[in-house]
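Here's the structure we're looking at; comments come further down.
Sequence lines set the chain letters: A, B, ... in the order given, protein chains first and strands last, and positions in each chain run from 1.
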Amino acid sequence: MAAAESPSSALRRRDLCSRGIRLAGKMRADVVDLLDAYVEQQGLDASASVAAVEGVPVAAVERWDEQTGTQRLLENLAAYRAFRALLAQMLEEQREQLGEADAGLGRALAALLLQVSAFAYHLEELLRLESRGIPGEEGDGPPPPPRLSLFEQKLRGLGVLRELAQWAVRSVRDLRQLAKPSPATGAAPGLAESP
Amino acid sequence: LGDPQNLKCVTHNLHKMLCTWDISSRGRHGLTNFCYTTNDLTPQVCFETKERMVEIPVPESSITVTIESSGTAFATKEFVIHQKDISFVPVTPHILSLMPDFPTSTLNLKWSDNGSVFPYGLDALWQIQILRKEAMEVVTQVAYYSKLTHEDVILSWNWTSDMPLECTSHYVKIRCYINATQFVGPKDWSDWSPAEEIPGKDTEPGGSGVFPLDPVVAVGSDLTFCCVHEEDQRITNMTYGSKSYTMMQLSSRSHAIRVLNASVSNSSGTNVVCRLENGLEGSVVFVGYAPDTPQNLSCETSNFLIIKCTWKPGRPSGLYGERRTKYNLFERTSGKNVSCEVSEVNRDHVCGFPVLPDQKTYDFILGVSNPIGQAQSSLLVDIIQRVHPKTPEKLTVTGNNSTSIQLRWFINGSFTDIRLLCQIEISSSHSERQLHSVSMPGRKSSTYTAQLNALHPDTRYQFRVRCSAADHFWRWSDWSRAVEQTTSEA
């Protein structure tokens, strides 16, 4: 049975969780706005079904409620690191393809990239709180995706933003789960225990 | 019975001719003694053959042939063949190479005209047939003329398809007709060459996609897009932008749409989407304008360090990012080339070129290009005559008494090669604005001074200064910031 968390540590975690929830909520709102602008700017069909895009972390998870706190954080961290790389790629492609045209979309993408980076750092803070080792970034990050055609790039961008919006929702649920006090002792459980 | 008959002779090269004849069944399997003589003076040439075909020279006028077949019964027949009875059918041409250039949808055909076989100077007419699709439908047939030069010359011909070559297989065949005017016999087309094929993506496993892929085309173009899919995939529709188009079937794995008079696309391009039962394929087309010829190209220097050229770009190309219109400034005398960083969005177009040591005259060519086209403007300029100094700075009063004031200012730039003309504006509450001009040798990033006399005592004045080249006036600098000073009492 893992030792119960010290009150100050639990307080700190609950604070980090609630700030994380607010960050994720804001990120979700921004992603949804950006999605509308992206679909219009890229001339895409909002209802277009986009096949699973290689390298984009999928938010849907089976047996979500059985996950431990550490699993939640580690999966979240891996996902947002991946999104950080994907958004950076999108930003570069945006500059390559559009230059200064439609700088608004570029700025919105850059702002979202900052939020994702901040959220990833926030997740690392939570893991550090639990003296959990922060998984290193894989070498130089994920292998560069294959060179896609422009239409495939547009679809991938759509897939990235859609999945990021889903992840933001999941992150809010994950963090709420982490913030819950343990029903038995009333004290917040260590990460390992919290389902 | 058994007599040789229907003797026919065909020449492929106007030198030799192939003669064939028929023999009734009874005489068919024995030896044949074939003799010919072109005229009374030359001895008869004979030889035996089992074939019913021999190659003999083409006569100047006529040839007498004697065919003696020795089958179950002897039969001899004599024929007189006149040139007019010999038909001339050129050898079937042979395609040397058929090379596709997919980005431009162009086929390059190379073949030999086989000219070494013919006398010098004959006119040759070629027919080139382009076929397409599984059904090998004729798309076009083109005539091509050439002159035979008694040498084998490799002829080359390009054809640009109205449809990407990836869409479906393209085939090419050629045949020729040689206008041998001296030859009096009937002349005919050669046979068609075997068809050379450029296979489409619809013949490749995994060749799916929309083609052309991410093209850049001119506004007003008529475009054909095709969707290559797997055999078992049903295609739902194809859209260009937001509009659905009627599809043409090219093959069991390829459908196409035709878009006429394409209009300019938005910055992220126009999507061409092929909806399949279980997926999407797409391409992005960028429709824009070739660059206009730059107007009002003008170059000047403000400091004899950099020459700044400006121009009016004309109509926006509608192309952005890596497809944007790019500018470069080439100077013919020095051979130096500078690529210009020009913002697509804001409208002022400026490019800097370094002033070169010991060079006053600059022969500029402003080159403009984007994926659709290019243009250029040129300008010959003597920079001594194009000096537009920067705004004078740090205008200060360095000395004054009741009727005179000394001013000092700084101009950034190296003007050692010219004289400067500066104008000082003198304003005061109770007298008209006056302009006082002063000329001085230019210096390198230096301060300049001027003395103003005949001022009124105890009077509050405002001064500001601007400068230009003294000898070859081009443009005034902007006015400096004003400075105020009151003359001392008398």
Side-chain angles (χ1 to χ4, degrees), chain A residues 33-54 56 58 86-110 112 144-163, chain B residues 166 201 208-216 225 227-228 236-244 263-288 316-326 341-348 370-371:
Chain A
D33 289 345
L34 178 51
L35 245 174
D36 294 340
Y38 184 84
V39 163
E40 191 196 331
Q41 207 279 330
Q42 300 289 2
L44 292 172
D45 173 353
S47 64
S49 73
V50 178
V53 183
E54 190 189 336
V56 175
V58 177
L86 288 163
L87 288 172
Q89 167 98 17
M90 278 176 74
L91 203 51
E92 191 192 329
E93 285 163 0
Q94 163 87 8
R95 286 193 184 115
E96 210 177 76
Q97 294 306 322
L98 296 181
E100 296 158 315
D102 209 319
L105 187 64
R107 280 194 299 271
L109 263 175
L112 184 59
R147 180 80 193 174
L148 301 178
S149 76
L150 294 181
F151 186 69
E152 288 164 336
Q153 281 180 26
K154 289 187 174 189
L155 288 187
R156 183 186 57 200
L158 186 57
V160 167
L161 295 178
R162 279 179 175 166
E163 208 57 48
Chain B
E166 297 96 334
K201 289 277 189 189
S208 306
V210 171
F211 302 96
L213 191 60
D214 306 343
V216 183
F225 294 96
C227 178
V228 174
T236 312
N237 72 353
M238 282 181 77
T239 53
Y240 175 84
S242 53
K243 189 179 170 205
S244 195
S263 54
V264 65
S265 51
N266 78 11
S267 54
S268 70
T270 301
N271 300 331
V272 184
V273 182
C274 169
R275 285 177 184 74
L276 301 160
E277 259 171 346
N278 50 11
L280 284 181
E281 296 283 359
S283 172
V284 181
V285 55
F286 297 88
V287 188
S317 67
L319 301 174
Y320 299 89
E322 53 187 27
R323 288 166 292 277
R324 68 189 183 280
T325 297
K326 292 170 180 157
E341 273 315 311
V342 175
S343 156
E344 300 142 27
V345 178
N346 64 45
R347 301 292 298 142
D348 52 347
N370 67 23

Options V210(B), T270(B), L280(B), ranked by heavy-atom pairs under 4.5 Å with chain A, top entry: L280(B)

Distance (rounded to the nearest 0.5 Å) between L319(B) CG and L98(A) CG: 11.5 Å

If you compare all heavy atoms of G282(B) against all heavy atoms of S149(A), which two are closest, and at what distance to 0.1 Å? O-OG, 4.5 Å

Side chain N271(B), main chain Q42(A), donor-acceptor under 3.5 Å: yes

Are more than 12 heavy atoms, taken from residues, nucleotides or ligands other than E40(A), located less than 6.0 Å from that residue's CD atom? no

Looking at L150(A) and F286(B), what are the two nearest heavy atoms and their distance? CD1-CE1, 3.2 Å

Non-hydrogen atoms of chain B under 4.5 Å away: do they reach the side chain of L155(A), the backbone, both or neither? side chain

Please lay out, stage by stage, how Q97(A) and S268(B) fare under the test side-chain contact (heavy atoms from CB on, under 4.5 Å). CA-CA 7 Å; Q97(A) 294 306 322; S268(B) 70; over 6 Å; no

Please list all pairs meeting side chain to side chain donor-acceptor pair (under 3.5 Å) that have one or both residues in residues 274-287 of chain B, counting only residues at least two apart or in different chains. Q233(B)-N278(B), R234(B)-E277(B), T239(B)-R275(B)

With chain B, the option among R95(A), Q153(A), K154(A) that has the most non-hydrogen atom pairs under 4.5 Å is K154(A)

When rounded to the nearest 0.5 angstrom, what distance separates CG in L213(B) from CD in E152(A)? 7.5 Å

Using the side-chain contact (heavy atoms from CB on, under 4.5 Å) rule, take V273(B) and F151(A) through it: C-alpha gap first, then chi angles, then the decisive distance, then the call. CA-CA 9 Å; V273(B) 182; F151(A) 186 69; 3.5 Å; yes

